[in-house]
Peer 1: 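Sharing a structure here in structure tokens format.
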There are 2 protein chains.
Amino acid sequence: MISKEALKKIFPDWEEGLYDAILKEAELKEAKAGTTLLKMGQNIKSAMLVVEGTVKLYQEGEDGGEYFMYHLNPGEACAVTLVCNYHHEQSQVLAKAVTDIQYLAIPIEFMEKWLNEFKSWHYFVIRTYRSRYEELLKTINETAFKNMDERLEFYIKRQVKQFGNSVNLTHQEIANDLNTSREVVSRLLKKMENNGWIVMNRNSFDWIKQ
Amino acid sequence: MISKEALKKIFPDWEEGLYDAILKEAELKEAKAGTTLLKMGQNIKSAMLVVEGTVKLYQEGEDGGEYFMYHLNPGEACAVTLVCNYHHEQSQVLAKAVTDIQYLAIPIEFMEKWLNEFKSWHYFVIRTYRSRYEELLKTINETAFKNMDERLEFYIKRQVKQFGNSVNLTHQEIANDLNTSREVVSRLLKKMENNGWIVMNRNSFDWIKQ
DNA sequence: AATGATATGTGATAAATATCACCGACTATC
DNA sequence: GATAGTCGGTGATATTTATCACATATCATT
């Protein structure tokens with residue numbers, strides 16, 4: 001299990017009792033890069049708090065398509081799993097580990113209990129919802145108003161912010177995240193290269209635009 | 001001001017003290033149908049709780065376009081205005097009254113105070129965020145995966161659920177909400193009419209599909 | 001170095017949507 | 001009931017994106 005000190009660094013400003021409760025009740029789990037952590041429609045059994053690594057959150061289409069919404073980093077939690085009420089809540093998102101990750105899985109029976117017991121947990125839940133809500137607003141804005149070239153640029157910028165200027169994704173992977181086709185991504189990336197925004201390699205490219 | 005009994009009907013399951021606090025601190029405001037209640041970028045000075053009527057929430061594009069996200073009904077609150085921390089939060093949404101409305105405006109200095117004082121307020125804030133988050137997920141799903149014909153159908157169904165089978169909107173208004181053009185909406189509605197899904201009139205149409 | 005697998009490039013074409021131009025129908029108002 | 005304004009219909013065309021087909025490039029493995 002994780003040490004209390006490490007926990008405090010990643011999730012600051014909680015009450016002592018909450019750290020103790022986490023250490024007692026949560027399970028520290030690991031997952032390899034690429035693992036699907038949560039599927040749409042799946043019953044939610046535990047809340048997920050990211051300790052190490054990065055998770056990608058998707059919306060899933062009926063036809064099986066995926067649409068990238070936002071990243072989760074250490075100290076952040078998956079909003080949909082912070083279930084307050086009932087026991088048969090189903091996931092409305094798809095979550096995948098991008099890197100090898102560690103996360104805390106907290107059985108959902110503690111969600112309501114802790115809301116009553118720990119003020120800092122309450123704040124954490126609200127902060128989580130608020131920040132995820134704001135991410136969704138950005139995603140909607142991009143999707144509703146922008147063409148694919150701008151959406152791709154937005155996507156790459158988020159990627160760069162997360163992992164640095166070297167983007168290690170194939171055109172196909174990017175196309176999947178944006179729910180478009182590889183050809184479209186290839187052509188738009190080629191344009192960006194011609195504009196001097198990126199330098200392309202196989203399996204990756206570098207963002208060099210200011 | 002509104003009576004305590006009326007308040008209890010619209011916002012059930014709060015603590016007595018919270019009703020009293022609302023009655024003491026909130027202002028009951030009115031607005032005519034069509035009024036813009038909140039613009040994007042505007043400083044948030046008060047939380048908005050709907051008492052009577054319906055509010056439409058939009059995302060606003062940089063070019064001035066609008067994109068409809070969801071309705072707010074009596075007993076519901078605008079999530080973005082439930083600001084917890086700082087005083088200079090700016091709105092990331094556009095809110096418009098669809099009907100004549102009444103709403104409670106609560107100065108944001110009480111947001112944090114009440115979170116500490118009233119457990120039921122805490123729950124109300126979380127429930128608000130959760131339900132708005134879920135609405136956004138639906139909106140993203142429609143926008144990212146569906147073509148305009150399906151999006152229009154989804155839009156009409158939400159409208160029907162809100163206001164009944166008679167949809168009193170012009171093609172132009174629908175086009176604005178979906179960030180497309182009137183011609184596209186007209187053509188798709190014509191198709192729906194040919195399919196026997198709707199009966200069209202000037203300024204309105206009736207949804208007759210099962 | 002030959003082979004197969006994966007990644008990327010690109011033309012041709014189709015489909016969806018946006019835009020422009022203009023028309024006729026209805027409505028409110030005087 | 002003439003008129004101006006709003007609403008809806010529709011062809012033509014442009015743009016964006018999706019899809020298909022196939023070529024080339026790179027890499028890993030032997």
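Letters A, B, ... are given to chains in the order of the sequence lines, protein chains preceding strands, and every chain is numbered from 1.
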Peer 1: Rounding to a whole Å, what distance do you find between A/Met200:CE and C/dG9:C1'?
Peer 2: 9 Å

Peer 1: In terms of side-chain heavy atoms of B/Glu183, which of C/dG11, C/dT17, D/dT10 is nearest?
Peer 2: D/dT10

Peer 1: Checking B/Lys96 against B/Tyr58: charged group under 6.0 Å from the ring centre and within 45 degrees of the axis?
Peer 2: yes

Peer 1: Would you indicate whether B/Gln42, at its atom CD, is surrounded by more than 12 heavy atoms from other residues, nucleotides or ligands within a distance under 6.0 Å?
Peer 2: yes

Peer 1: Of all the nucleotides listed (D/dC20, C/dA7, D/dT17), which has the minimum atom distance to the side chain of A/Thr170?
Peer 2: C/dA7

Peer 1: Return the nearest nucleotide to the side chain of A/Val184; candidates are D/dG9, D/dT17, D/dG11.
Peer 2: D/dT17

Peer 1: Checking A/Thr180 side chain against A/Ala175 main chain: does a donor-acceptor pair fall under 3.5 Å?
Peer 2: no

Peer 1: May I ask you to say what A/Ser181 touches in the nucleic acid, namely base, sugar-phosphate or nothing, with a heavy-atom cut-off under 4.0 Å?
Peer 2: base

Peer 1: Checking contacts here: which listed nucleotide (C/dG9, D/dC7, C/dA12) is nearest the side-chain heavy atoms of B/Asn203?
Peer 2: D/dC7

Peer 1: If you find the nucleotide of DNA chain D closest to B/Arg202 and the one closest to A/Lys146, which residue's nucleotide is nearer the 5' end?
Peer 2: B/Arg202

Peer 1: Starting the side chain at C-beta, find the nucleotide from C/dA18, D/dT19, D/dT10 nearest to B/Met148.
Peer 2: C/dA18

Peer 1: Rounded to whole Å, please give me the gap between CD in B/Glu173 and C1' in D/dT6.
Peer 2: 12 Å

Peer 1: Closest approach to the side chain of A/Arg182, judged atom by atom: which nucleotide of C/dG9, C/dA16, C/dA21 is it?
Peer 2: C/dG9

Peer 1: What is the bend of the helix from C/dA1-D/dT30 to C/dC30-D/dG1 when you compare the axis at one end with the axis at the other, using five pairs each and rounding to 10°?
Peer 2: 30°

